Amino acid sequence: MGRLEPGDKAPAFKLRDQNGKAVALSDFKGKKVLIFFYPRADTPGCTRQACAARDASAGLRAKKVAVLGVSPDDPADQKKFDDKFELSFPLLADVDHAVAEAYGVWAEKNMYGKKSMGILRSSFLVGEDGKVIASWYRVKPEETIPKALEALH
């Protein structure tokens, strides 16, 4: 799938979180949702990104914005990540990367000349109506929250 743009319908999904609970985008109907995709739990950039979301979660909840993190890690790895950093929001296991593909964030990456497929760190703000308010592809870990807050104004 190509890139999602503002006004596009956010692809529906249902994934298991770090506690094994099924979480669907439709569970958040009537709320805004910040969905951020990260390559791998408990790596430096992903930790900065997730901890920034944790630190902003109370303020986001006050604005009626739910936070969801998505990576190809399995639920057990997501649970370790959550326990270690007390993230307190759903970390969704997209082990077959189907959701990442639907959001246009599963792509070829080139690291030190070695090509592989993986997550392009990206985030999406989805409105109460299920449509994309804003999308940020290849977002830096420390930019996820400031960009979302800016889009909420």
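These numbers come from the heavy atoms of this one structure, side chains and all, not from hydrogens, waters or symmetry mates. Here the structure is a predicted model, which is why all the values come from computation and not from measurement.
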Participant: Under the criterion ring pair (Phe, Tyr, Trp, His ring centres under 6.0 Å), which of Phe36, Tyr103, Trp136 is the partner of Phe124?
Facilitator: Tyr103
Participant: Rounded to the nearest 0.5 Å, how far apart are CD1 of Ile119 and CH2 of Trp106?
Facilitator: 6.0 Å
Participant: Surrounding CZ of Arg40 (heavy atoms of other residues, nucleotides or ligands, distance under 6.0 Å), is the total greater than 12?
Facilitator: no
Participant: Is the charged tip of Arg3 near the ring of Tyr137: under 6.0 Å from the six-membered ring centre and within 45° of its axis?
Facilitator: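 Pair Arg3/Tyr137 counts as cation-pi.
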Participant: Measure the NZ-CZ distance between Lys140 and Arg48 for me, rounded to the nearest 0.5 Å.
Facilitator: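 Here the interatomic distance stands at 10.5 Å.
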Participant: Would you call Lys84 and Asp42 a salt bridge, taking side-chain N to carboxylate O under 4.0 Å as the test?
Facilitator: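 Yes, Lys84 and Asp42 are salt-bridged.
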Participant: Mark yes or no for whether Asp17, through its side chain, and Pro75, through its backbone, hold a donor-acceptor pair below 3.5 Å.
Facilitator: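 Answer holds: no.
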Participant: Group every Ile, Leu, Val, Met, Phe, Trp and Tyr by side-chain heavy-atom contacts under 4.5 Å, then state whether Val23 and Leu87 land in the same group.
Facilitator: no
Participant: Tell me if a side-chain donor or acceptor on Lys131 pairs with a main-chain N or O of Ala10 at a distance below 3.5 Å.
Facilitator: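 Not at all, since once roles are kept as given, no pair shorter than 3.5 Å links the two residues.
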Participant: Enter the distance from Gln18:CD to Asp74:CG here, rounded to the nearest 0.5 Å.
Facilitator: 12.0 Å
Participant: Test of understanding: clusters of I, L, V, M, F, W, Y form through side-chain heavy atoms closer than 4.5 Å, transitively. Do Phe81 and Leu34 belong to the same one?
Facilitator: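 They do share one cluster, since a chain of ILVMFWY contacts under 4.5 Å joins Phe81 to Leu34.
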Participant: When you check the gap from the basic side-chain N to the acidic O, do Glu128 and Lys29 get nearer than 4.0 Å?
Facilitator: no
Participant: Enter the distance from Asp129:CG to Lys32:NZ here, rounded to the nearest 0.5 Å.
Facilitator: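 One finds 9.5 Å between CG of Asp129 and NZ of Lys32.
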Participant: Nearest 0.5 Å, what's the CZ-CZ distance between Arg138 and Arg121?
Facilitator: 11.5 Å
Participant: Regarding Gln78 and Ser71, is there a side-chain donor-to-acceptor distance under 3.5 Å anywhere?
Facilitator: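 Short answer, yes.
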Participant: Is there a chain of hydrophobic side chains (I, L, V, M, F, W, Y, each step under 4.5 Å between heavy atoms) that links Leu125 to Phe13?
Facilitator: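 Result: no, two separate clusters.
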Participant: Walk me through whether Leu60 and Leu149 qualify under side chain to side chain contact (heavy atoms under 4.5 Å, CB included).
Facilitator: CA-CA 8 Å; Leu60 289 168; Leu149 291 173; 3.8 Å; yes
Participant: Is the backbone N or O of Ala100 less than 3.5 Å from a side-chain atom of Asp94, with the two atoms forming a donor-acceptor pair by type?
Facilitator: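 Pair found, side chain donor or acceptor close to backbone of Ala100.
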Participant: Output, in order, the C-alpha distance, side-chain angles, deciding distance and verdict of side chain to side chain contact (heavy atoms under 4.5 Å, CB included) for Leu15 and Val70.
Facilitator: CA-CA 9 Å; Leu15 295 170; Val70 183; 4.2 Å; yes
Participant: Do Leu68 and Ile133 share a hydrophobic cluster (ILVMFWY, side-chain heavy atoms under 4.5 Å, transitive)?
Facilitator: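 No, separate clusters.
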Participant: Mark yes or no for whether Thr144, through its side chain, and Glu142, through its backbone, hold a donor-acceptor pair below 3.5 Å.
Facilitator: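 No, because the side chain of Thr144 does not come within donor-acceptor range (under 3.5 Å) of the backbone of Glu142.
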Participant: Do Asp96 side-chain atoms and Ala98 backbone N/O form a donor-acceptor pair below 3.5 Å?
Facilitator: yes
